[in-house]
2 protein chains.
Amino acid sequence: MPTVTSLGDLERAAMQVAWESGPVTGRQVAERLADRGLAYTTWLTVLTRLERKGLLRRDRHGRAYTYTAVASREDHIAVLMRQALGQAQDREAALQHFARSVSPTEAQALRRALEDLE
Amino acid sequence: MPTVTSLGDLERAAMQVAWESGPVTGRQVAERLADRGLAYTTWLTVLTRLERKGLLRRDRHGRAYTYTAVASREDHIAVLMRQALGQAQDREAALQHFARSVSPTEAQALRRALEDLE
DNA sequence: TAGAAGTTCTACGTCTTGTAGGAGATGATG
DNA sequence: CATCATCTCCTACAAGACGTAGAACTTCTA
């Protein structure tokens, strides 16, 4: 299981944009996050690093690159959760603790999801 | 939700020992992990950092300190999983993806755990 | 063909983690 | 009580990740 490195603050922000706005250019990310007052090239660097981490893919479109999330946010989160779970020596016990820690709504959603599995 | 910082390699190893061997001294950790060939003070530093991160607690016992895990390994893992889940904007969707990604055995364990909830 | 817009490369400061030595405190032991 | 074995504390340094960005080079486009 290839370890997913944890993301920094800017990296997370850029991923949010990629997830919410579909394929984006560096320029678009910079505009979407203009409130942070960071330089355009800062976002380019962040996007490049996210590509190297395998979270984004990029395709040329004319002069510019377009960045696309490799996995959906939900998939990414599921991977993170599985990775946490993988650290348990007793997974069933860990799952039990997890089940106890979720809200009733979440528990219900989980039950439904598990039913749909079969 | 106070963010749990991710652990480094040595930190994780030290936590394993703390979880498996109950309260331990720095010396014991160093011995348990002697195969790594690291200096005793290296482990002391690691334990100190884990204490600062809130994962270990320490109590004086004569001249030495004894380190104890604040949460069980399973609780810690549940926290990590919840933290991952917390990044979703649509938790139900994320849980659904997670449910789909676990093994049949794990799914069964989860179902049981959720049943026991009520 | 010149300018706008894009990319690439390089760089630097800070924080985290791995790694550990030296100095000082303290408990045990003869 | 003096000394030795231990223990802690403080400090340090290298490497890597991340935030941050400018300079230089490339490429559309009018």
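First the proteins, then the strands, lettered A, B, ... as listed; each starts at 1.
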Could you list the residues that satisfy side chain to side chain contact (heavy atoms under 4.5 Å, CB included) with [X], not counting sequence neighbours?
X	answer
A:A107	A:V102, A:R111, B:L114, B:L117
B:T105	A:E92, B:S103
B:E74	A:Q89, A:D90, A:A93, A:A94, A:H97, B:S72

Worksheet item: Among pairs that include at least one residue of residues 26-38 of chain B, which meet salt bridge (Lys or Arg N to Asp or Glu O under 4.0 Å), considering only residues two or more places apart or in two chains?
Response: B:D9-B:R36

Item to complete: Any pair with a residue in residues 13-26 of chain B that passes salt bridge (Lys or Arg N to Asp or Glu O under 4.0 Å), sequence neighbours left out, goes on the list, sorted by first then second residue, please.
Response: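 Checked against salt bridge (Lys or Arg N to Asp or Glu O under 4.0 Å) - neighbours excluded - the pairs reaching residues 13-26 of chain B are B:E20-B:R73.
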
[X] to [Y] - nearest heavy-atom pair and separation:
X	Y	answer
A:G86	A:R91	CA-NH2, 3.9 Å
A:L80	B:A84	CB-CB, 3.7 Å
B:S101	A:R82	OG-CD, 3.1 Å

Response to the item:
5' to 3', nucleotides 19-26 of chain D under a 4.0 Å protein heavy-atom cut-off (B base, S sugar-phosphate only, - none) gives BBBBB---

Worksheet item: Linking I/L/V/M/F/W/Y whenever any side-chain heavy atoms sit under 4.5 Å apart, do B:L50 and B:L38 land together?
Response: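 Yes, because B:L50 and B:L38 connect within a single hydrophobic cluster, where side-chain heavy atoms sit under 4.5 Å apart.
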
Worksheet item: Are B:V70 and A:F98 connected in the hydrophobic side-chain network, where two residues link if heavy atoms are under 4.5 Å apart?
Response: no

Item to complete: Would you mind listing every ring-ring contact (aromatic ring centres under 6.0 Å, His included) that reaches into residues 60-86 of chain A, with sequence neighbours excluded?
Response: A:W19-A:H76

Practice prompt. Output every pair passing ring-ring contact (aromatic ring centres under 6.0 Å, His included) with a member in residues 99-118 of chain B, not counting sequence neighbours, ordered by first then second residue.
Written response: none

Practice prompt. Could you name each residue pair satisfying side chain to side chain donor-acceptor pair (under 3.5 Å) that touches residues 39-57 of chain A, not counting sequence neighbours?
Written response: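 Listed by first then second residue: A:E11-A:K53, A:R57-A:D59.
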
Quickly work out the [X] [atom1] to [N] [atom2] distance and round it to whole Å.
X	N	atom1	atom2	answer
A:E51	D:dA17	CD	P	16 Å
B:Y65	C:dG27	OH	C1'	15 Å
B:L47	C:dT17	CG	C1'	14 Å

Worksheet item: Do any of residues 19-28 of chain A sit with a heavy atom less than 4.0 Å from DNA chain C, and if so which?
Response: A:R27

Fill in: Nucleic acid contacts - residues 53-63 of chain A versus DNA chain D, non-hydrogen atoms under 4.0 Å
A:K53, A:R63

Worksheet item: Using the C1' atoms of five pairs at each end, what's the angle between the two axes of the helix from C:dT1-D:dA30 to C:dG30-D:dC1, to 10 degrees?
Response: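 End-to-end axis angle for the helix from C:dT1-D:dA30 to C:dG30-D:dC1: 0°, rounded to 10°.
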
Worksheet item: Are A:Y40 and C:dA5 close enough that a side-chain N or O sits under 4.0 Å from OP1 or OP2?
Response: no

Discussion item. Regarding A:T66, tell me which of base, sugar-phosphate or nothing describes its non-hydrogen contacts under 4.0 Å with the strands shown.
Written reply: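 The residue A:T66 makes no contact with any strand.
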
